[in-house]
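Because the structure is predicted, anything quoted here is derived from the model rather than measured.
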Amino acid sequence: MKGPVTHTEGRETLITTHPARKRSIMTKSYTEESMMPESKSTDWTNECLNSQEERAMENENAELDEMSKDGDDEDALNRLEDDEEDEDEEEEGDDQKPKRRGPKKKKMTKARLQRFKQRRMKANTRERNRMHGLNDALESLRKVVPCYSKTQKLSKIETLRLAKNYIWALSEPETPAGVDTQWREECMELREVFAVKVKRRRSIGQQTGGTLLGLTLFRCVRKGPKLKDHAFHLNNLSADHCEVWFKHLKEILNGFQDRPKALRVFVNPTSHRKEACQLYRDDIAPLFKLADIKADVTVTERKGHALSILRECKLNEYDGVVVVGGDGSVAEVAHGLLLRGQLDAGRDTDSIFTPVQATLPLGVIPAGSTDIVACSVHGIRDPITAAMHIIMGHFQAVDVCSFSSQGRLLRFAFSGMFGFGGHTLALAERHRWMPPSQRREFAVIKTLANLKPEDCELSFLPVKQGGTRETRRGESARNDRASASEEDEAWQTVEGLFLNISIMAIPCLCSMAPRGLAPNTRLDNGSMALISVRNTSRSEFIKHLKRYSSVNNQFSFSFVETHSVQEVKLRVRSRGSCADDTLDDNVESESKNTPIIFSEGTYPWNIDGDLLELPSELLIRVHPQLVKLFGVTMEETEESPIKCSCI
C-alpha cells in the first residue's frame, strides 16, 4: 500500500492514511457554490500531502509495506533475492514477450533495506503528527463557529464549510446579493438617533442569545415631506466594546429631555374605514417600542369617552397625549386637555376668562377621512411621519379658538363652519351606513340641491399691527382703558343672508384643499381667518367650492369676504329654509338612518369635523399658542390634490 494519497475528481475528495491507523474520510459532493464560494488559494490539504519525500516514496517498490511489517531483515532480503531470480528466469525462458524497458532494479542489500525502513518510520511519524495537529485545530474551530446542535458532532468537512461561510457572512453582514458595496465615511448627528440596539444573529425560533455582530443605531431621516426611520449598523464582535458603546449612547439619548418617555394613547376604532386599531398595532406601536416609549392605550367605546378619562386621570405620569383617529377625535382630546388645564388652574369656565396653556403636548396620528389638523401640522397625511415627530420630540405651538355663549364656555376648537358646512356634516352623519366617500359626496350634492342662506348678524374685531388683545395685557390700566375704547370703536358689523361662515385658527390643509381652507392664516400668528360667503346663485357657489382644489384664488369672487380677526360675534336672526328641509328629511328618513333633530334655538356647526348644535348667539375668540402639538410648521401639503367627483 502506498503512502497518504489525495485524489481530486470533480468535487469529491478521498484521503487515505497509513493502514496501521485504519482511518479514512470520504466527503460528500458539494455543488452549491452560493453556500461556499470557491477559494482562490491552493487547497492546503494537497500542499501537506504531496511533499517531495512522499512522492519519492511512491516511486519505490510497493512491497516496502510488507517489509516494514516483517521483523526479520534477513528473511526479507532472501525473499527479495529469490523474487529477482525468478523474474530473470522468466525473462530468459519467454523469448516471445518483449523485454522490459528502463533501468534494472538494484539488488536489495541489508544496508539499503535498513535505510528504507527508517525512511518509512519517519514518514509515518510525520503523518501521525500532522493528523493529530489537524484534529486539534478542527476541535478548536468547532468551539468558535456557530453550531446549534448539541447532540451531533460536526464532521471535518462540515466544520470547514461552516467556518468558511461564517467568515464570509461576517465580512459582508447585511449586503444583498449582487450589490457592489463601497466603503465610505459617513457623519451622523446624535440628535437624529432615537434608539440603539444590540445586533445579534439568531436561528429560527431562538429567542435569546445568539452571535454578537455589533450595534444598530436607528435615526430619523427626512425624505421630502416624510420622515422615516433608518437603521445604521456598527459591526464589532467584541462584547466589551459593544457594552461600553451601548451604555454611552444610551446616556446620550436619555439626555434629550424633550423626547417623551410615557404617552397616553387614545384610539378611535370607528374612524373612517375602521382601520385605526390595526394602524396603531402594525405601524405605530413597534416604533414606540423601539424608542423605549411606554404607551398606555385606551380604545374609545363611545363619543366623549376620551373627554371623561382626561378629566379624571393623572396627567403628571405622562409626557404627552396621542390620539389615533380623525379630526373629530382630535377635537375631543384637544378640548379635554385644555379643559383639564383650566380646571387645574382654578379658572371659572362659566365666565369670560383668559385660558391657560395645556399642560401636555398633543400628538395626532391621522386615521380619518380628511385629517385637517394632521395635514396642517405635519404638512402631509402620513402616520409614520406623525409618529416620528412624536418620538423625536418636535413641538409646534398652535392657536386655538374658544366658543362661548352668554359667558359660558362651550368648546375649544381649531376651526368652525356654519351654514353650508354645518348642514353638510349633519346630513352625512345621518347616513353613517354609507361608505365614507359616497356619504361625503351624497351630503354635498343633497345640501347643494337644498341650498338656502341663513339670516345673520356678524360682528368682528380686526387684527391690528400691534398684535392681539391678549398680547398687550401687560400694559398699564390707563393704556388698557384706552385700548378697550379703541377696540369698541374698531368692531365692524355686517348683516344679511350668508350661505357659509368659516372661522379658522389654522390653515386647514387637506388633500382636497392643498392650499388650505384658510391659506391666509398660520398656526401661531395669533389671529383667526373669517371667511363669509354671501347669498349667490348655486352655480357661482359651486365655482367657489371648486377653486379650493385648484391653484386659483377661491376668494376672488365679489360675494366672498375674508378678514383676519381676533374676535367674532355671530347672531342668527331666523332659522333658514335649509334647516327646515333638514328637519323634514329627518321625519321622512328610513329606519336604518339615525335622525338628528336639533332643539329649538340651536343650529348645526362643523367644529373640527365634529357635529355640534350651538345656540344662536356665539362669541368666538382666538387664544395664541394655547396648545402644543407634536410637529413642525408646514404651509402646504405636497400630496396630489384629490378632487371631489360630485362638483
With a 4.5 Å limit on heavy-atom distance, are the side chains of [X] and [Y] in contact?
X    : Y    : answer
I293 : I391 : yes
P361 : L629 : no
L626 : V398 : no

Please check this pair: side chain of [X] against backbone of [Y], looking for a donor-acceptor N/O pair closer than 3.5 Å.
X    : Y    : answer
R340 : C313 : yes
Q357 : Q625 : yes
Q342 : V356 : yes
S376 : L509 : yes
S549 : K546 : yes
D608 : F414 : yes
R534 : V560 : no
R347 : D344 : no

Working to the nearest 0.5 angstrom, can you tell me the gap between [X] [atom1] and [Y] [atom2]?
X    : Y    : atom1 : atom2 : result
H378 : H394 : NE2   : NE2   : 11.0 Å
H423 : N450 : NE2   : CG    : 10.5 Å
C220 : M392 : SG    : CE    : 5.0 Å
I531 : E561 : CD1   : CD    : 12.0 Å
C375 : I380 : SG    : CD1   : 8.5 Å
M388 : R222 : CE    : CZ    : 10.5 Å

For [X], enumerate each residue passing the side-chain hydrogen bond (donor to acceptor under 3.5 Å, both in side chains) test, keeping only those at least two apart in sequence or located in another chain.
X    : value
D399 : none
S271 : none
R191 : E189
S459 : T493

Quick check: are there more than 12 heavy atoms from other residues, nucleotides or ligands sitting under 6.0 Å from [atom1] of [X]?
X    : atom1 : result
E317 : CD    : yes
K261 : NZ    : yes
K228 : NZ    : yes

Ring geometry between H544 and F541 (parallel below 30°, tilted from 30 to 60°, perpendicular above 60°):
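Correct class here is tilted.
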
For Y280, enumerate each residue passing the ring pair (Phe, Tyr, Trp, His ring centres under 6.0 Å) test, keeping only those at least two apart in sequence or located in another chain.
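Partners of Y280 under the ring pair (Phe, Tyr, Trp, His ring centres under 6.0 Å) test: none.
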
Looking at residues at least two apart in the chain, or sitting in another chain, which of them share a ring pair (Phe, Tyr, Trp, His ring centres under 6.0 Å) with F395?
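Here the qualifying residues are F630.
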
Taking the six-membered ring for Trp, are F418 and F498 closer than 6.0 Å centroid to centroid?
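No, the ring of F418 stays outside the 6.0 Å limit from the ring of F498, centre to centre.
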
Less than 6.0 angstrom separating the ring centers of H230 and F218, yes or no?
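Ring-ring flag for H230/F218: false, centres at least 6.0 Å apart.
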
Side chain to side chain contact (heavy atoms under 4.5 Å, CB included) partners of S556, counting only residues at least two apart:
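So S556 forms a side chain to side chain contact (heavy atoms under 4.5 Å, CB included) with R547, N553.
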
Could you list the residues that satisfy side chain to side chain contact (heavy atoms under 4.5 Å, CB included) with L497, not counting sequence neighbours?
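Checked L497 against side chain to side chain contact (heavy atoms under 4.5 Å, CB included); matches are P453, D455, N535.
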
For E617, all residues meeting salt bridge (charged side-chain N to carboxylate O under 4.0 Å, His left out), sequence neighbours excluded
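Result, salt bridge (charged side-chain N to carboxylate O under 4.0 Å, His left out) vs E617: none returned.
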
Could I get the full list of salt bridge (charged side-chain N to carboxylate O under 4.0 Å, His left out) partners for D610, not counting sequence neighbours?
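So D610 forms a salt bridge (charged side-chain N to carboxylate O under 4.0 Å, His left out) with K303, R411.
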
R571 vs S616, test: side chain to side chain donor-acceptor pair (under 3.5 Å). Steps then yes/no.
CA-CA 6 Å; R571 184 170 67 89; S616 58; over 6 Å; no

For a quick test of reading the model, state the closest non-hydrogen atom pair linking [X] to [Y] and the distance between them.
X    : Y    : value
F288 : A387 : CE2-O, 4.3 Å
P519 : F555 : CD-CE1, 3.8 Å
L279 : P366 : CD2-O, 3.7 Å
M528 : V568 : CE-CG2, 4.1 Å

Would you kindly say whether R381 and S511 are connected by a side-chain donor-acceptor distance under 3.5 Å?
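Checked: R381/S511 side chains show no N/O donor-acceptor pair below 3.5 Å.
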
Provide the full list of ring-ring contact (aromatic ring centres under 6.0 Å, His included) pairs with a residue in residues 503-523, sequence neighbours left out, each pair given once.
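Matches after skipping sequence neighbours: none remain.
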
Measure from NZ or CZ of R439 to the centre of the six-membered ring of F442 and say whether it is under 6.0 Å with the direction within 45° of the ring axis.
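No, R439 and F442 do not form such a contact.
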
Just distance, no hydrogens or angles: give the donor-acceptor pairs under 3.5 Å from side chains in residues 321-338, sequence neighbours left out.
from	atom 1	to	atom 2	distance (Å)
D327	OD1	I372	N	2.9
D327	OD1	V373	N	3.3
D327	OD2	T370	OG1	3.0
D327	OD2	D371	N	3.4
D327	OD2	I372	N	2.9
S329	OG	N268	ND2	2.9
E332	OE2	G304	N	3.0
E332	OE2	H305	N	3.4
E332	OE2	A306	N	3.3
E332	OE2	L307	N	3.3
H335	ND1	F412	N	3.1

So that I can tick it off, tell me whether R573 and E495 are bridged by a salt bridge, with the cut-off set at under 4.0 angstrom between side-chain N and carboxylate O.
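Judged by the 4.0 Å cut-off on N to carboxylate O distance, E495 and R573 do form a salt bridge.
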
